[in-house]
Structure formats: structure tokens, C-alpha cells
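What you see below is based on every heavy atom in this structure, not just the backbone, and it leaves out hydrogens, waters and symmetry mates. Residue indices begin at 1 and follow the sequence shown.
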Amino acid sequence: MPALAYDSSVKEWAAKFFNMCRRHNCMPDFCNLHYYDNDLSDEDYDELQSLRHQTATSYDAELLMKKFRQNSNENAFKNAIPAMRAMFDAIGAGSLPIYITEWNMTVSHRNLLNDTCFKACYLAKNILENYDAMDSFGHWSLTDLIEETQPSNEHFHGGLGLLTHSGIKKASYHVFTLLNRLGDRLVKRGDGFFITKSHGHIQIILYNYEHFSHLFASGETFDMSFTKRYAPFLKLAKLNVSLTLTDLPAKKCVIRERVLNWKHGSAFDAWVEMGARPLSPDDAAYLKRISVPKIYLREED
């Protein structure tokens with residue numbers, strides 16, 4: 001079926017579409033949705049289309065942040081999924097697979113949080129909390145090198161991709177590589193943790209999620225700058241976690257810990273530490289080499 005941008009008005013259109021399909025005996029194979037965590041009206045969507053074609057500057061970024069408000073509810077995606085399923089159930093399409101083929105925190109290609117470690121944590125939280133709630137989640141997009149808006153000369157301009165337009169991996173890219181290491185059997189999950197096992201190995205993901213402030217969600221960015229992007233987070237504290245694993249084999253094991261934070265694996269933060277200057281090809285190559293998660297190895301009895 002054609003992709004539907006999920007909002008409160010989509011149910012009526014979807015009902016008409018499925019009624020037409022039944023009349024003509026051409027039911028679709030699956031349901032196709034797009035979801036973004038913005039709080040936008042129809043007028044905002046119309047304005048978005050015009051702003052996307054303006055010249056990309058830092059002023060555009062500020063304008064887009066003010067116009068396209070974020071959802072202040074950190075569980076908005078988790079709460080929306082049952083509503084999506086209920087909608088398709090109500091129109092007689094509940095038996096079809098539901099694919100979210102476009103999903104992101106924002107529709108904006110100039111949201112400065114897109115390049116930060118926060119985005120990696122946003123992805124971890126929302127995928128792990130909802131990992132079996134839909135048939136698929138398709139992150140939009142792989143790279144900042146897409147055609148929906150005028151290109152920016154800045155490597156870290158707040159693009160939607162997991163990679164910059166020059167191919168530098170953001171922290172959000174690395175979180176997918178970590179999620180890909182999870183096993184095929186769920187052991188336990190909870191607030192900030194997710195445990196699986198497979199083939200004699202145990203995999204644990206820990207994430208320290210903090211939602212941005214209500215002020216930022218409303219579009220106010222006066223306390224941010226192009227290089228100082230963590231102002232919308234009021235705590236920025238370490239999270240202490242204690243997990244007890246029982247019934248393990250009585251033998252030594254190797255613990256391999258991969259750390260992704262603003263010191264390890266965040267190309268944006270490494271770029272700021274370098275001096276936040278325009279990157280030469282050699283600079284970009286260096287940034288690619290150093291912006292990887294840190295690995296610790298130790299043996300435990």
C-alpha cells in the first residue's frame with residue numbers, strides 16, 4: 001500500500017483506501033507507515049516543503065528548529081504503536097504486516113541533535129522498547145547525502161543520516177552495529193537494559209537515556225550553538241547499573257565491553273575537540289579512524 005504519514009487524520013484516508021481495495025479485489029500485501037516524533041500541524045507540513053528548498057545555512061537550522069517542534073513525551077513512539085495497530089484493526093487490515101518504512105526523531109535535516117550521542121541513545125531506547133511491536137522499523141535515512149533539501153557545506157549540520165555526506169560514521173551508525181550483536185533469545189529487558197543470549201554467549205546492552213527539555217521541544221534553542229548541542233539536557237549524569245546473572249557455567253569467561261559515548265564513537269564530539277573547523281580530506285580520514293566505540297577486555301571467574 002502507499003506510505004502513510006501517521007497522524008490523527010490518517011485513519012479516514014486509510015479506511016477509504018482499504019474499502020476501494022476490497023471492491024476491486026486487490027488487497028495490499030502489507031501496511032506501510034511513516035513516523036516522526038514531531039508535533040506538527042498541516043500548516044507546518046506545508047511550510048516544511050517550502051523551507052526544504054531554501055539555501056542551507058546555520059540560520060535555516062535555527063528557523064527549522066523553531067518551526068518544527070519536537071514531541072515532549074519521551075514515550076511518544078511507544079504509545080503510538082498500539083494506536084497504529086488499533087487503527088488497522090478497526091478498518092479490517094489488522095492481519096497484514098505493518099512496516100514502518102520511514103522513522104526518525106524528526107523530519108528536519110537541520111536538527112542539531114541528529115549528529116550527537118543523544119541520537120544514538122534515542123535509537124537504542126526506541127528500538128529495544130518496541131523491538132517486537134512492529135514487523136519492521138526502517139530508519140530514515142542511511143546518509144545525509146539525500147535530495148530532500150539543499151545540501152550543506154558543513155559535515156555536521158544536523159542531517160537525518162547515520163553517516164555525514166562525506167561518509168563519516170555518526171554515533172547513531174555505531175548503535176546499529178551494537179544492536180546487531182544481540183542474540184536470538186531474549187533473557188530480560190527493562191528500563192535502560194536489554195539482555196539476550198545465543199550460542200553460549202550473553203549480550204547486554206545498557207543505555208542512559210535522557211529526553212530533551214520541554215523548552216527545546218517547543219522550538220527554543222537560544223541556549224544552544226552550532227558546537228554546544230547538549231544544552232537541552234538538564235542532568236547529563238552517569239547511570240550506575242547493577243545486574244546479577246545466575247545459573248552461569250562454573251568456568252571463566254571473557255567480558256568484552258564496547259563503550260559508545262561522546263568520548264568514544266561520536267564523530268561530532270571528536271570534531272568539536274579537534275577545533276570545529278572545516279575538514280580537509282586528511283582531517284575527515286582521521287576523524288573516521290578515531291570515531292569508533294572503545295573496547296575493554298577482561299577475564300572473570
Side-chain angles (χ1 to χ4, degrees), residues 36-37 48-49 51-65 68 70 101-124 127 137-181 212 221 224-232 258-295:
Y36 293 89
D37 255 334
L48 170 64
Q49 297 305 318
L51 284 172
R52 277 177 169 172
H53 298 289
Q54 294 184 6
T55 302
T57 67
S58 59
Y59 296 102
D60 287 344
E62 184 177 355
L63 178 61
L64 285 168
M65 298 281 272
F68 305 121
Q70 293 296 139
T101 53
E102 281 193 27
W103 165 58
N104 208 310
M105 178 192 76
T106 176
V107 296
S108 173
H109 295 256
R110 298 294 182 270
N111 188 314
L112 298 181
L113 293 186
N114 280 333
D115 301 323
T116 67
C117 268
F118 163 77
K119 187 62 172 291
C121 207
Y122 171 88
L123 293 172
I127 290 175
F137 304 117
H139 180 270
W140 187 260
S141 64
L142 176 61
T143 172
D144 290 346
L145 194 62
I146 54 179
E147 79 288 349
E148 290 183 329
T149 191
Q150 293 294 321
S152 171
N153 293 327
E154 297 283 353
H155 283 79
F156 300 102
H157 59 269
L160 292 176
L162 305 176
L163 299 96
T164 70
H165 56 63
S166 59
I168 299 172
K169 297 172 181 175
K170 303 181 187 179
S172 52
Y173 176 96
H174 293 301
V175 82
F176 276 104
T177 67
L178 298 179
L179 291 171
N180 192 49
R181 294 180 176 276
F212 40 73
T221 58
M224 294 179 69
S225 71
F226 198 70
T227 56
K228 296 180 180 179
R229 302 188 186 184
Y230 294 103
R258 291 177 170 87
V259 178
L260 174 61
N261 56 25
W262 52 19
K263 294 182 178 180
H264 309 296
S266 175
F268 163 73
D269 291 289
W271 171 69
V272 171
E273 188 175 3
M274 287 171 62
R277 303 293 299 169
L279 297 173
S280 69
D282 285 344
D283 297 333
Y286 169 75
L287 202 55
K288 290 179 182 179
R289 291 195 302 272
I290 68 168
S291 301
V292 295
K294 192 176 184 65
I295 296 179

In chain order, what residues pass the side-chain hydrogen bond (donor to acceptor under 3.5 Å, both in side chains) check against Ser166, with sequence neighbours excluded? His155, Thr164
Please round to the nearest 0.5 Å and tell me the distance separating atom CG of Leu260 and atom NZ of Lys294. 13.5 Å
Check side chain to side chain contact (heavy atoms under 4.5 Å, CB included) between Ile127 and all other residues, then give those that pass, not counting sequence neighbours. Trp103, Phe176, Leu179
Do the rings of Phe226 and Trp271 sit parallel, tilted or perpendicular, given the 30° and 60° boundaries? perpendicular
For Thr101, side-chain hydrogen bond (donor to acceptor under 3.5 Å, both in side chains) partners two or more places apart: Asn32, His34
Hits for side chain to side chain contact (heavy atoms under 4.5 Å, CB included) against Arg289, two or more places apart or cross-chain, chain-then-number order -> Ala285, Tyr286
Donor-acceptor contact below 3.5 Å, side chain Asp115 vs main chain Gly158: yes
Shortest non-hydrogen contact from Leu287 toward Ala270: CD1-CB, 3.6 Å
Shortest non-hydrogen pair, Ala267 vs Ile168, comes out as CB-CG2, 3.5 Å
Sequence-distant partners of Val272, side chain to side chain contact (heavy atoms under 4.5 Å, CB included), two or more places apart: Thr227, Phe268
Are a donor atom and an acceptor atom from the side chains of Ser280 and Asp283 found within less than 3.5 Å of each other? yes
Scan for side chain to side chain donor-acceptor pair (under 3.5 Å) pairs involving residues 258-268, sequence neighbours excluded, and state none if there are none. Ser266-Asp269
Just to verify, what does Asp144 make a salt bridge (Lys or Arg N to Asp or Glu O under 4.0 Å) with, not counting sequence neighbours? Lys170
List the steps and the verdict of side chain to side chain contact (heavy atoms under 4.5 Å, CB included) for Ser152 and His109. CA-CA 10 Å; Ser152 171; His109 295 256; over 6 Å; no
For the side chain of Tyr230 and the backbone of Thr116, is there at least one donor-acceptor N/O pair under 3.5 Å apart? no
What one should report as the nearest heavy-atom pair of Ser141 and Asn104 is N-ND2, 4.1 Å
What distance do Leu162 atom CG and Trp140 atom CH2 have between them, rounded to the nearest 0.5 Å? 11.5 Å
Residues forming a side chain to side chain contact (heavy atoms under 4.5 Å, CB included) with Lys169, sequence neighbours excluded: Leu163, Tyr173, His174
pair Leu113-Lys119: side-chain heavy atoms closer than 4.5 Å: no
Sequence neighbours left out, what passes ring pair (Phe, Tyr, Trp, His ring centres under 6.0 Å) with Tyr122? Give chain and number order. none
What pairs with Glu102 under side-chain hydrogen bond (donor to acceptor under 3.5 Å, both in side chains), at least two apart in sequence or on another chain? Tyr36
Spacing of CZ belonging to Arg229 relative to CG belonging to Asn111, to within rounding of 0.5 Å: 9.5 Å
Rounded at 0.5 Å granularity, tell me how far NE2 in His165 sits from CD in Glu154. 8.0 Å
